[in-house]
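Everything on this sheet refers to the single structure shown next.
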Amino acid sequence: MADAHGASDGTARIVVLGRQGSGKGTQADLVAGHFRVPHISSGDAFRAAVHAESSVGLEAKGYLDRGELVPDGVTIGVIRERLSALSVNAEGRPGGFILDGFPRNLHQAEALSEMLGDQGLDVAVNLDASTEEVLKRLSARRVCTQCGAVYNLVDRPPKVAGTCDACGGPVTQREDDTEAAIRRRLEIYESETAPVLNWYRGRGLLATVDAMGPPDEVAQRFVVAVESARQGKPA
Ligand code: AMP
């Protein structure tokens, strides 16, 4: 991918928003590689905690299974810990990140703003995909239970059915990709998360990217949106 503005210096600070199935995880991985920043996913953090049966995992499991939001106290604590572990560069500036799945309501957006302090955020990117499209994608989505690689049975299946191309682990449907949990997650998105878009829009931080089409093309649009937001920001 072209790096037209030389911004791949590990300092980009990005939030990615969008409906379940809009491609947040896939795009966050691609864009994290481009900008050399860590991909922090609240959903992955919770799934790892559930798998490890840690105290956070035991608390979160029922919410994940039902497709509901884990209470803010737990979620904000998990993200605060991840952000405070970010490395600081030679000039003493904290490193960048791409945050996927957080914030998911206004209280979390305010907590994030307080955590980031003066450095703030470069941009919140809204991956725009219709409900019809995400329903199609979610029913075909499969993930590797070992390394988290994401597949789609329609246009990106694993080379050997049920087996991860990357690590050979088992590729299955996510437990919360059942019809009932998908419906619940999309309802919660409309009531709790959609207002977060307006919250960022009001602060001049929202960029909307068309999430339709092949992942590489979406990623190119995503990179352009981040670079133009960073150019518009005072150094
Ligand atoms: P995701 O992989 O982002 O779809 O997240 C999977 C599940 O993890 C969600 O359905 C919630 O149960 C939980 N989760 C992830 N991020 C958050 C968040 N920011 N706030 C509350 N719950 C979350």
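Both ligands and their constituent atoms are indexed starting at 1 by order of listing. Position 1 is the first residue of the sequence; numbering continues from there.
- The atoms of ligand 1 that sit less than 4.0 Å from any heavy atom of E68 are 11 (C), 12 (O).
- Distances shorter than 4.0 angstrom do not occur between any heavy atom of K24 and any atom of ligand 1.
- Cation-pi contact between R201 and W199: absent, since separation from the ring centre below 6.0 Å together with deviation from the ring axis within 45° is not met.
- At least one test fails for R185 against the ring of Y189: distance under 6.0 Å to the centre or angle within 45° of the axis.
- No continuous path of hydrophobic side-chain contacts links V143 to V50 [ILVMFWY only; heavy atoms under 4.5 Å].
- Exactly one residue among V218, T208, D210, T26 makes a side chain to side chain contact (heavy atoms under 4.5 Å, CB included) with L127. That residue is V218.
- Within the set V70, V50, N105, the minimum heavy-atom distance to atom 21 (C) of ligand 1 is found for V70.
- A salt bridge links E68 with R184: the distance from a Lys NZ or Arg NE/NH1/NH2 to an Asp or Glu carboxylate oxygen falls below 4.0 Å.
- Residue Q20 has no N or O atom closer than 3.5 Å to an N or O atom of ligand 1.
- Remark: R19 engages E190 in a salt bridge, criterion side-chain N to carboxylate O under 4.0 Å.
- Among protein heavy atoms, atom 9 (C) of ligand 1 sits closest to R104 NH2, 3.8 Å.
- Considering backbone and side-chain atoms alike, G101 places an N or O below 3.5 Å from some N or O of ligand 1.
- Residue contacts with ligand 1 include R47, since one of its heavy atoms falls under 4.0 Å from the ligand.
- Heavy-atom neighbours of Y63 OH from other residues, nucleotides or ligands within 6.0 Å: at or below the threshold of 12.
- The heavy atom nearest to atom 17 (C) of ligand 1, considering only S42, G43, P103, is found in S42.
- Checking only distances, D44 never comes within under 3.5 Å of ligand 1, N or O to N or O.
- Within 6.0 Å of the CZ atom in R36, the count of heavy atoms belonging to other residues, nucleotides or ligands does not exceed 12.
- Contact atoms of ligand 1 toward F46: 8 (O), 13 (C), 14 (N), 15 (C), 23 (C) (distance under 4.0 Å to a heavy atom of the residue).
- Residue contact check: L64 has heavy atoms under 4.0 Å from atoms 7 (C), 8 (O), 12 (O), 13 (C) of ligand 1.
- Numbered from 1 in the order shown, with element, the atoms of ligand 1 that lie under 4.0 Å from a heavy atom of Q108 read 18 (C), 19 (N), 20 (N), 21 (C).
- Polar contact with ligand 1: absent for L69 (N/O pair, distance under 3.5 Å).
- Atoms of ligand 1 lying under 4.0 Å from any heavy atom of T75, numbered from 1 in the order shown and given with element: 18 (C), 19 (N), 20 (N), 21 (C).
- Of the charged side-chain nitrogens involved, none lies within less than 4.0 Å of a carboxylate oxygen, so that K136 and E132 do not count as a salt-bridged pair.
- Taking every non-hydrogen atom of R174 and a distance limit under 4.0 Å, the qualifying atoms of ligand 1 come out as 1 (P), 2 (O), 4 (O), 6 (C).
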